[in-house]
**Q** 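First the structure, which I've put down as structure tokens, then a few questions once you've had a look.
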Protein chains: 2
Amino acid sequence: MKVNNEIYDCPVTATLEVIGGKWKPIILYVLMSGTKRFGALSVRIPTISRKVLTEQLRELESDGLLIRRQYKEIPPRVEYTLTPEGQSLWSVFNEMAIWGNNNRRVSQK
Amino acid sequence: MKVNNEIYDCPVTATLEVIGGKWKPIILYVLMSGTKRFGALSVRIPTISRKVLTEQLRELESDGLLIRRQYKEIPPRVEYTLTPEGQSLWSVFNEMAIWGNNNRRVSQK
DNA sequence: CAGTATCCTCGGTGATACTG
DNA sequence: CAGTATCACCGAGGATACTG
């Protein structure tokens with residue numbers, strides 16, 4: 001997500017630049033529970049198109065938050081795993097979850 | 001920001017629904033240091049148009065994060081103040097700032 | 001001073017079809 | 001299975017001018 005220009009570069013906006021947007025939080029959240037295949041991500045997030053899922057995963061990869069492993073098999077297999085940097089976002093998500101639970105009405109899954 | 005549909009309603013996305021987007025973090029951050037007038041916000045965030053600033057402030061107000069106080073004077077004076085709920089976002093921003101400082105290259109103001 | 005009112009641009013997202 | 005390619009849309013955000 002294009003959050004802001006360099007004038008306002010600050011750690012908070014830098015973080016939102018990486019985890020903000022419509023799909024990245026849920027993708028990262030799903031991957032927090034461990035390595036997932038492309039298809040598994042697609043099943044867990046059924047309303048995202050494969051095109052957009054691919055794009056978001058590529059961005060998270062180039063931001064160093066996850067690793068893409070492609071196995072040269074038939075049928076193809078591609079796995080996505082959080083890097084330590086990606087996993088370290090847990091504390092951020094946790095703080096957001098606490099605030100959301102305390103201050104928002106959240107319907108449960 | 002339209003983050004996601006109800007299927008993925010979770011505390012994290014609920015939080016991002018409120019503080020995500022291009023301008024809200026910086027607006028909230030500026031207001032963390034105390035009540036500000038419309039013009040003061042505009043000066044501190046010079047690249048936001050007044051139209052968009054107005055829109056964002058209205059959304060933050062209807063989300064209960066800030067209070068808008070209008071003084072019937074000439075010239076007009078309008079002040080924006082964080083509610084306790086808005087101020088309670090400090091811990092969220094703090095966690096994001098820590099992560100950003102540890103994991104991103106951030107140019108200083 | 002603190003906004004509105006209009007008009008417009010652009011990029012993120014979606015739908016659909018195709019492929020190694 | 002895990003993608004690409006193409007086309008299309010829509011709405012957040014921006015530019016500019018006007019106002020109580």
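So you know, we letter chains A, B, ... as the sequences are listed, proteins then strands, and number each from 1. Treat the numbers as computed from the prediction; the structure is a model and nothing was measured.
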**Q** Can a side-chain donor-acceptor contact be found between Glu79(A) and Thr35(A) if the only test is distance below 3.5 angstrom?
**A**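 Absent: no donor and acceptor within the cut-off.
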**Q** Which nucleotide wins on minimum distance to the side chain of Thr54(A), given the candidates dC1(D), dG3(D), dG14(D)?
**A**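 Looking only at heavy atoms from C-beta outward on Thr54(A), the closest nucleotide is dG3(D).
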**Q** Starting from P on dG3(C), measure out to CD on Glu55(B) and report it in whole angstrom.
**A**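 From Glu55(B) CD to dG3(C) P: 12 Å.
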**Q** Starting the side chain at C-beta, find the nucleotide from dC1(D), dA2(C), dT4(C) nearest to Arg37(A).
**A**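 Closest nucleotide to the Arg37(A) side chain: dC1(D).
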**Q** Spell out, yes or no, whether Trp90(B) and Leu28(B) are grouped together once hydrophobic residues are joined by side-chain heavy atoms under 4.5 Å, including indirect joins.
**A**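 In one cluster: yes.
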**Q** Within the pair Arg77(A) and dA2(D), is there a side-chain N or O less than 4.0 Å away from OP1 or OP2?
**A**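 Checking dA2(D) against Arg77(A), no side-chain N or O comes under 4.0 Å of OP1 or OP2.
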**Q** Check whether any side-chain nitrogen or oxygen of Arg68(A) sits under 4.0 Å from OP1 or OP2 of dG3(D), and answer yes or no.
**A**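 Yes.
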**Q** Expressed as a whole number of angstroms, how long is the span from Tyr80(B):OH to dC1(C):P?
**A**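 Distance check: Tyr80(B) OH to dC1(C) P gives 15 Å.
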**Q** Given atom NZ of Lys36(A) and atom C1' of dA2(D), what is their separation to the nearest angstrom?
**A**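 Lys36(A) atom NZ is separated from dA2(D) atom C1' by 17 Å.
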**Q** Ignoring backbone atoms, establish whether Arg58(A) has a side-chain N or O less than 4.0 Å from OP1 or OP2 of dT4(D).
**A**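 Indeed, a polar side-chain atom of Arg58(A) lies that close.
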**Q** Can you tell me how far P of dT13(C) sits from CH2 of Trp23(A), to the nearest Å?
**A**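 Roughly 9 Å, once rounded to whole Å.
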**Q** So which one's nearest nucleotide on DNA chain C is more toward 5', Pro76(A) or Gly21(A)?
**A**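 In this pair, the answer is Gly21(A).
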**Q** Answer with yes or no whether the side chains of Trp99(A) and Ser91(B) bring together a donor and an acceptor at under 3.5 Å.
**A**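 Not at all, the side chains of Ser91(B) and Trp99(A) share no donor-acceptor pair under 3.5 Å.
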**Q** For Ile48(A) and dG14(C), give me the distance from atom CD1 to atom P, rounded to whole Å.
**A**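 Between P of dG14(C) and CD1 of Ile48(A): 7 Å.
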**Q** Rounded to whole angstroms, how far apart are NZ on Lys72(B) and P on dG20(D)?
**A**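 Lys72(B) atom NZ is separated from dG20(D) atom P by 13 Å.
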**Q** Between Glu59(B) and Lys24(B), is the closest basic N to carboxylate O distance under 4.0 Å?
**A**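 A salt bridge links Lys24(B) with Glu59(B).
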**Q** Side chain of Lys51(A) only, heavy atoms from C-beta on: which candidate in dC7(D), dC1(C), dC7(C) is closest?
**A**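 Closest nucleotide to the Lys51(A) side chain: dC7(D).
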**Q** If dA17(C) has a Watson-Crick or G-U wobble mate with both distances under 3.5 Å, name it; if not, just say none.
**A**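 Across any shown strand, dA17(C) pairs with dT4(D).
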**Q** Whole angstrom is fine here: how far is it from CD in Glu79(B) over to P in dC1(C)?
**A**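 In whole Å, dC1(C) P lies 14 Å from Glu79(B) CD.
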**Q** Within this structure, what is the CD-to-P distance between Gln56(B) and dG11(D), rounded to whole angstrom?
**A**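 Those two atoms, CD and P, are 16 Å apart.
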**Q** For residues Arg58(B) and Gln56(B), is any side-chain donor paired with an opposing acceptor at under 3.5 Å?
**A**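 No, no side-chain donor-acceptor pair sits under 3.5 Å.
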**Q** What about Lys22(A): does its side chain form a donor-acceptor pair under 3.5 Å with the base of dG12(C)?
**A**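 No.
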